[in-house]
Student: 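For reference, the structure I am asking about is given below.
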Amino acid sequence: MDAGSGDRMALGMLAQYRMTTTEQMHRVIAPSVRIEQTWRRLARLRAEGLVDRITLPQAGRTRVWFPTSYGVQLACEWPELRGRRPSRTVSDPTAVRLKASHTLTVTETALVLALFSRSCREVTSSSL
């Protein structure tokens with residue numbers, strides 16, 4: 001994992017939110033680059049055993065990414081996540097598939113709020 005890049009942000013996001021789609025992850029960690037770069041980042045984390053994915057056939061083959069137990073363990077050791085209770089790990093692909101609809105809706109709601117908050121801070125700081 002490249003700790004100086006968005007790898008850390010991607011894994012931290014998954015550790016907090018349990019699962020995201022590629023598109024959701026892309027909107028948070030790298031909206032200014034092509035989505036293929038986000039996909040490659042997630043594929044690299046998967047090759048390192050930190051995240052895994054399932055594909056939802058009924059949703060246009062949407063990829064859903066989730067942290068492995070090892071990924072959650074590693075992320076929870078970082079200072080910015082220390083002291084937070086990690087989300088319950090759903091590292092079994094079948095369990096992820098069964099919980100995906102609800103969890104992705106919750107993730108989407110949280111991301112909309114986070115991105116709105118970020119945009120408000122940018123507007124406030126640029127107007128000073």
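Because the structure is predicted, anything quoted here is derived from the model rather than measured.
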Student: Cluster question for you: counting only ILVMFWY and a side-chain heavy-atom cut-off of under 4.5 Å, with indirect links fine, are Leu111 and Met9 together?
Tutor: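 Yes.
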
Student: Please round to the nearest 0.5 Å and tell me the distance separating atom OG1 of Thr107 and atom CE of Met13.
Tutor: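 The distance works out to 7.0 Å.
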
Student: Please test Val96 against Val64 for side chain to side chain contact (heavy atoms under 4.5 Å, CB included), starting from the C-alpha separation and ending with a verdict.
Tutor: CA-CA 8 Å; Val96 170; Val64 176; 4.2 Å; yes

Student: Apply salt bridge (Lys or Arg N to Asp or Glu O under 4.0 Å) to Arg63 and list each qualifying residue two or more places apart in sequence or on a separate chain.
Tutor: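 So Arg63 forms no salt bridge (Lys or Arg N to Asp or Glu O under 4.0 Å) with any residue.
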
Student: If Ile, Leu, Val, Met, Phe, Trp and Tyr residues are connected whenever their side-chain heavy atoms lie under 4.5 Å apart, and connections chain through other members, are Met25 and Val112 in the same group?
Tutor: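 No.
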
Student: Under the side chain to side chain donor-acceptor pair (under 3.5 Å) rule, collect the residues that match up with Glu77, sequence neighbours excluded.
Tutor: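 Partners of Glu77 under the side chain to side chain donor-acceptor pair (under 3.5 Å) test: none.
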
Student: Taking Tyr70 as the starting point, is it possible to reach Leu42 by hopping between hydrophobic residues whose side chains are less than 4.5 Å apart?
Tutor: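 They do share one cluster, since a chain of ILVMFWY contacts under 4.5 Å joins Leu42 to Tyr70.
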
Student: Apply the side chain to side chain donor-acceptor pair (under 3.5 Å) test between Trp65 and each candidate in Thr38, Thr22, Thr20, Asp52; give the one that qualifies.
Tutor: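 When side chain to side chain donor-acceptor pair (under 3.5 Å) is applied between Trp65 and each of Thr38, Thr22, Thr20, Asp52, only Thr22 qualifies.
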
Student: Compare every heavy atom of Leu14 with every heavy atom of Pro67, then report the nearest pair and how far apart it is.
Tutor: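 Scanning both residues completely, I find the closest heavy atoms to be CG-O, 3.5 Å.
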
Student: Would you check if the side chain of His26 reaches a backbone N or O of Val33 as a donor-acceptor pair within less than 3.5 Å?
Tutor: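 Between the backbone of Val33 and the side chain of His26 there is a qualifying donor-acceptor contact (under 3.5 Å).
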
Student: Provide the closest heavy-atom pair for Arg18 versus Phe66 in the form atom of the first, atom of the second, distance.
Tutor: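 Scanning both residues, the minimum pair turns out to be O-CB, 3.4 Å.
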
Student: Below 4.5 Å, heavy atoms only, C-beta onward: do Thr68 and Val51 meet side chain to side chain?
Tutor: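 No - every pair of side-chain heavy atoms lies 4.5 Å or more apart.
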
Student: Could you give the distance from CD (Glu108) to OH (Tyr17), rounded to the nearest 0.5 Å?
Tutor: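 Answer for the CD-OH pair, Glu108 versus Tyr17, is 11.0 Å.
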
Student: To the closest 0.5 Å, what do you measure between NE2 (His102) and CE (Met19)?
Tutor: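 These two atoms lie 9.5 Å from each other.
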
Student: Between the side chains of Arg40 and Glu36, is the shortest nitrogen-to-carboxylate-oxygen separation below 4.0 Å, so that they form an ion pair?
Tutor: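 No, no charged N to carboxylate O under 4.0 Å.
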
Student: State the CD1-CD distance between Ile29 and Gln37, to the nearest 0.5 angstrom.
Tutor: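 So the gap between those two atoms works out to 10.0 Å.
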
Student: Run the side chain to side chain contact (heavy atoms under 4.5 Å, CB included) check on Arg44 and Arg41 step by step: do they pass?
Tutor: CA-CA 5 Å; Arg44 186 173 53 248; Arg41 177 180 312 283; 3.6 Å; yes

Student: Does Thr21 offer a backbone N or O that forms a donor-acceptor pair with the side chain of Gln24 under 3.5 Å?
Tutor: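 Yes, the answer is positive, given that a donor and an acceptor are paired below the 3.5 Å cut-off.
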
Student: For Ala75 and Ala15, work out which heavy atoms get closest and say how close.
Tutor: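 In terms of heavy atoms, the two residues are closest at CB-CB, 3.8 Å.
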
Student: Kindly give the heavy-atom pair with the smallest separation between Ala10 and Leu45, and that separation in Å.
Tutor: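 Closest pair (atom of Ala10, atom of Leu45, distance): CB-CD1, 4.0 Å.
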
